[in-house]
Amino acid sequence: MVLGDHPNCSYGPPISLGWHYLEYEPMNVNEYEFHHSRRRNLRQLCLNYYRRQEILLKDHTEDELRRATKEKDRVMFTRKMTKAIFKYGMVGEYIDRALHKIAKRVNSRKNNEAGKKKEVGGNTWR
């Protein structure tokens, strides 16, 4: 299991299945059906915050977990806002477009300010 990116995690960092796995010899379907364990219920499949933390700290730093949690919270907030805005139909779409344009302008101003040239002693410096 690896650090995930799915925002549907109530608290803490999300967890996902990674690409590393154990491969076993092929088995006859009837033999598998006879030997496999009983199906687990939903409660048994859920991992609480502490168990996820324990699993993830084996391969990741606390800083990575904090960043993943922060990104998950940002995506959750964005989804909640989208859901709230689109409740109002076309009005929500206009609001969403306006918010997008505002964010775009704020980002372009930040980039312009960071890239302004300053003249020092007849030379142009960035």
Side-chain angles (χ1 to χ4, degrees):
M1 290 194 217
V2 296
L3 190 56
D5 60 355
H6 195 281
N8 196 14
C9 177
S10 61
Y11 185 76
I15 198 166
S16 295
L17 294 175
W19 285 100
H20 300 287
Y21 57 91
L22 297 174
E23 195 166 330
Y24 296 101
E25 291 292 321
M27 181 184 284
N28 182 319
V29 173
N30 293 330
E31 186 179 344
Y32 170 79
E33 289 293 333
F34 181 75
H35 292 291
H36 82 282
S37 58
R38 300 193 84 178
R39 187 178 182 101
R40 294 183 285 174
N41 63 33
L42 187 60
R43 185 137 179 98
Q44 292 171 323
L45 294 174
C46 290
L47 295 173
N48 67 23
Y49 166 76
Y50 299 104
R51 183 69 179 122
R52 283 195 315 273
Q53 192 92 350
E54 179 184 323
I55 292 168
L56 291 170
L57 282 174
K58 291 177 184 175
D59 298 320
H60 301 280
T61 65
E62 287 187 24
D63 189 48
E64 290 174 321
L65 299 186
R66 268 193 296 278
R67 280 185 287 178
T69 301
K70 189 173 181 179
E71 176 64 15
K72 181 229 11 150
D73 291 341
R74 185 191 66 75
V75 172
M76 279 181 73
F77 176 76
T78 303
R79 287 184 177 189
K80 283 180 185 176
M81 289 299 293
T82 302
K83 190 175 180 181
I85 288 171
F86 283 104
K87 214 186 278 187
Y88 300 104
M90 288 302 291
V91 174
E93 191 171 327
Y94 294 133
I95 291 171
D96 190 46
R97 286 181 189 172
L99 291 174
H100 180 72
K101 287 179 183 179
I102 290 168
K104 200 172 177 181
R105 284 195 179 169
V106 168
N107 287 334
S108 70
R109 283 185 183 166
K110 284 181 184 177
N111 291 338
N112 287 339
E113 288 174 8
K116 281 187 179 175
K117 296 180 180 180
K118 298 178 184 176
E119 289 191 21
V120 178
N123 296 327
T124 304
W125 299 91
R126 270 195 184 257

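Count residues from 1 along the sequence.
- In this structure, Glu62 has no side chain to side chain donor-acceptor pair (under 3.5 Å) partners at least two apart in sequence or on a different chain.
- Residues Tyr49 and Met1 do not share a hydrophobic cluster, clusters being chains of Ile/Leu/Val/Met/Phe/Trp/Tyr side chains in contact below 4.5 Å.
- Contact annotation: the side chain of Ile95 approaches that of Leu99 to within less than 4.5 Å [non-hydrogen atoms, C-beta and beyond].
- Taking hydrophobic clusters as Ile, Leu, Val, Met, Phe, Trp and Tyr residues chained together by side-chain heavy-atom distances below 4.5 Å, Val2 does not share a cluster with Leu57.
- For residues 39-54, the salt bridge (charged side-chain N to carboxylate O under 4.0 Å, His left out) pairs, not counting sequence neighbours, are Arg51-Glu54.
- Proximity of Asp63 to Arg66: side-chain heavy atoms (C-beta onward) are separated by under 4.5 Å at one or more points.
- In this structure, Met76 shares a hydrophobic cluster with no other residue, the cluster being traced through Ile, Leu, Val, Met, Phe, Trp and Tyr side chains under 4.5 angstrom apart.
- Atom NE2 of His36 sits in a crowded spot, with more than 12 heavy atoms from other residues, nucleotides or ligands closer than 6.0 Å.
- Scored by the salt bridge (Lys or Arg N to Asp or Glu O under 4.0 Å) test, Glu64 finds no partners at all (sequence neighbours excluded).
- Here the CD-CE distance, from Glu25 to Met27, works out to 10.0 Å after rounding to the nearest 0.5 Å.
- Note that CG of Leu3 is 12.0 Å distant from CD1 of Ile55, once rounded to the nearest 0.5 Å.
- Under the side-chain contact (heavy atoms from CB on, under 4.5 Å) criterion, Val29 pairs with Glu33, sequence neighbours left out.
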Using distance only, find each side-chain donor-acceptor pair of residues 5-24 under 3.5 Å and give its atom names and separation, not counting sequence neighbours.
from : atom 1 : to   : atom 2 : distance (Å)
His6 : ND1    : Asn8 : N      : 2.9

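- By the ring pair (Phe, Tyr, Trp, His ring centres under 6.0 Å) test, Tyr50 is found to be paired with no residue, residues two or more places apart in sequence or in another chain being considered.
- With sequence neighbours left out, Arg74 forms a side chain to side chain donor-acceptor pair (under 3.5 Å) with Glu71.
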